[in-house]
Each structure stands twice: as structure tokens, then as C-alpha cells.
Amino acid sequence: MSAASLSGRRILVSAGPTYEDIDPVRFLGNRSSGKMGFAIAAAAARRGAQVLLVAGPVSLPTPEGVERIDVRSAAEMHRAVMDALPVDVYIGAAAVADFTPAQVVGDKIKKRPGEEGLVLELVRTRDILAEVASHARRPSLVIGFAAETSHVEEYARGKLERKKLDLICANRVGVPGSGFECDDNTLLVYGAGFEQVLGPASKAELADALLDLVAAR
Ligand code: PMT
């Protein structure tokens with residue numbers, strides 16, 4: 001059976017980590033490789049969608065037929081995503097930093113004699129996914145991801161409701177064979193009155209299975 005077409009649909013995908021600069025040599029980051037989001041962008045382009053991929057700092061080639069915007073920080077990702085609206089579907093697979101340093105120090109932070117610790121003040125970043133979902137030009141379908149180490153369904157459903165999403169794809173992180181960096185994953189997809197387990201399978205296969213759900217809606 002051939003995959004359902006997404007021809008004519010505009011799909012915006014975020015992928016990868018964000019890097020939050022502390023000073024000119026240091027940053028706060030996370031383990032996201034971008035593989036999950038890039039697989040979704042590639043699969044959507046193969047189905048004929050017009051795909052814009054907003055990518056954090058990753059070392060992956062741009063999938064064929066995909067337009068890509070590279071960003072570094074959560075603030076840059078926020079701007080790129082908002083500038084791309086309106087779209088039909090937004091899929092937030094990026095691991096966006098929840099906190100960023102209150103100030104970026106202009107010069108490299110030096111150790112001072114006798115100083116045994118360093119306190120960094122962090123402030124919250126803007127929640128891109130929640131803002132897309134409550135935007136005046138809200139996409140018809142807003143899909144989030146949830147990276148969890150425990151209480152997967154409870155936390156994912158909490159995000160589904162709080163952020164006003166149509167679907168959320170929860171995945172376990174911190175265990176081998178799913179989540180960050182690896183080629184495979186398992187997605188627990190939740191919606192209102194909806195629950196489906198996708199995988200375990202390769203991220204490419206999961207991207208296609210997720211897009212079957214998108215096409216069905
Ligand atoms: O990139 P890979 O190595 O392939 O790994 C894939 C993945 C584990 C990164 C991916 O499958 C995944 O789970 N992505 C979301 C990771 C995450 O940040 O989850 P969260 O539970 O912290 O965030 C929930 C949702 O809110 C996510 O859709 C996130 O993009 C979004 N968010 C979070 C914070 C923020 N400031 N803005 C956001 O849009």
C-alpha cells in the first residue's frame with residue numbers, strides 16, 4: 001500500500017537541540033541529534049508536502065526536497081518558527097532549552113583564586129510549541145513531543161492539555177534504544193480519547209507511521 005499523500009500541505013518541523021550561550025566559549029545544550037525531526041521532515045517531503053525544517057545545531061544533511069533554516073538558541077528557534085506561520089501542520093520534535101542564562105557574558109568567565117563554585121542565573125525560555133498552539137494563525141494540527149524518564153503517560157498528557165496540542169508523541173530518554181541520539185525509538189502517541197504505540201522501529205519508519213496519523217486527520 002502506498003503512503004497517503006500530503007501534497008499541497010505546508011508542514012513545519014523543528015528538530016535538534018538548542019545551545020544557550022554562557023560566554024564566548026561555553027554553552028548549555030542537550031543530547032538531541034536531530035535524527036527524529038529530520039526523519040519526519042524527510043518523510044513529509046517524500047509524501048509531497050512543502051516542508052520547512054527549523055534545525056538546531058546538528059551535523060545532519062538536509063533531506064531532499066526540504067527547506068532548512070539553521071538556528072542556535074531557543075530564542076532564534078522561536079523567531080524562525082513564528083516567522084514561518086501560517087502552516088497546516090507544526091511538529092515540534094526539537095529539544096528546546098527550558099532555561100537560558102540570564103546574561104551572556106562578553107568575555108570568557110575566569111576562575112578566581114579561592115572561588116570553589118559558580119552560580120549561573122537562568123531564566124525561562126519562551127514555549128514555542130504552546131505559542132504556536134494558541135497563535136491567531138494556529139496550524140490545523142499541532143503535534144508536540146515529550147521526552148520523559150518516568151511517569152511517561154501522565155507527564156505527556158499533562159503537556160498535551162497545558163499546551164493545547166492535538167497530539168503528543170512521548171518517548172523515553174535515558175534508556176538504551178530510544179530517545180536521544182540512537183537510530184530507533186518507540187513513540188507513545190496521545191490525543192483526546194486517543195492512544196497508540198508506534199514501534200519500536202527505526203526513526204524513519206516511525207516518521208512514516210506518524211505521518212499516517214497526520215494524513216488521517
Ligand atoms: O534528536 P534525536 O536525537 O533524534 O532525539 C529525539 C528527541 C528525543 C529529541 C525527540 O524525540 C523528542 O522527544 N523531542 C522533544 C524533546 C523535549 O524537549 O521534550 P520536552 O518534554 O522538554 O518538551 C515538550 C515539547 O515542548 C516538545 O515538543 C518541545 O519541542 C516543546 N518545547 C519545549 C520548550 C520550549 N521552550 N519550547 C518548546 O517548543
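For ligands, and for the atoms within them, numbers begin at 1 and follow the listed sequence.
Asp127 and Lys163 are joined by a salt bridge, as a carboxylate oxygen and a charged side-chain nitrogen come within less than 4.0 angstrom of each other.
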- prompt: Is there a side-chain contact (heavy atoms from CB on, under 4.5 Å) between Ile11 and Asp88 once you walk through the steps?
  reply: CA-CA 6 Å; Ile11 300 191; Asp88 297 303; 5.7 Å; no

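Summarising the geometry of Gly92 relative to Ser14, their closest heavy-atom pair is CA-OG, 3.3 Å, with the distance given to 0.1 Å.
Sorted by first then second residue, the ring-ring contact (aromatic ring centres under 6.0 Å, His included) pairs that include residues 33-76, not counting sequence neighbours, number zero. Judged as a salt bridge (Lys or Arg N to Asp or Glu O under 4.0 Å), the pairs with a partner in residues 35-46 (not counting sequence neighbours) are, in order, Lys35-Asp183, Arg46-Asp208.
A heavy-atom cutoff of 4.0 Å around ligand 1 is satisfied by the protein residues Ser32, Ser33, Gly34, Lys35, Met36, Gly92, Ala93, Ala94, Ala95, Val96, Ala97, Asp98, Thr125, Arg126, Asp127, Ile128, Leu129, Gly144, Phe145, Ala146, Ala147, Lys159, Lys163, Asn171, Gly179, Phe180, Glu181, Lys203.
Chaining together hydrophobic side chains whose heavy atoms lie under 4.5 Å apart places Leu52 alongside Leu12, Val54, Ile69, Val71, Met77, Val81, Met82, Leu85, Val87, Tyr90, Val96, Ile128, Leu129, Val132, Val142, Val152, Leu160, Leu165, Ile168, Leu188, Tyr190, Val197.
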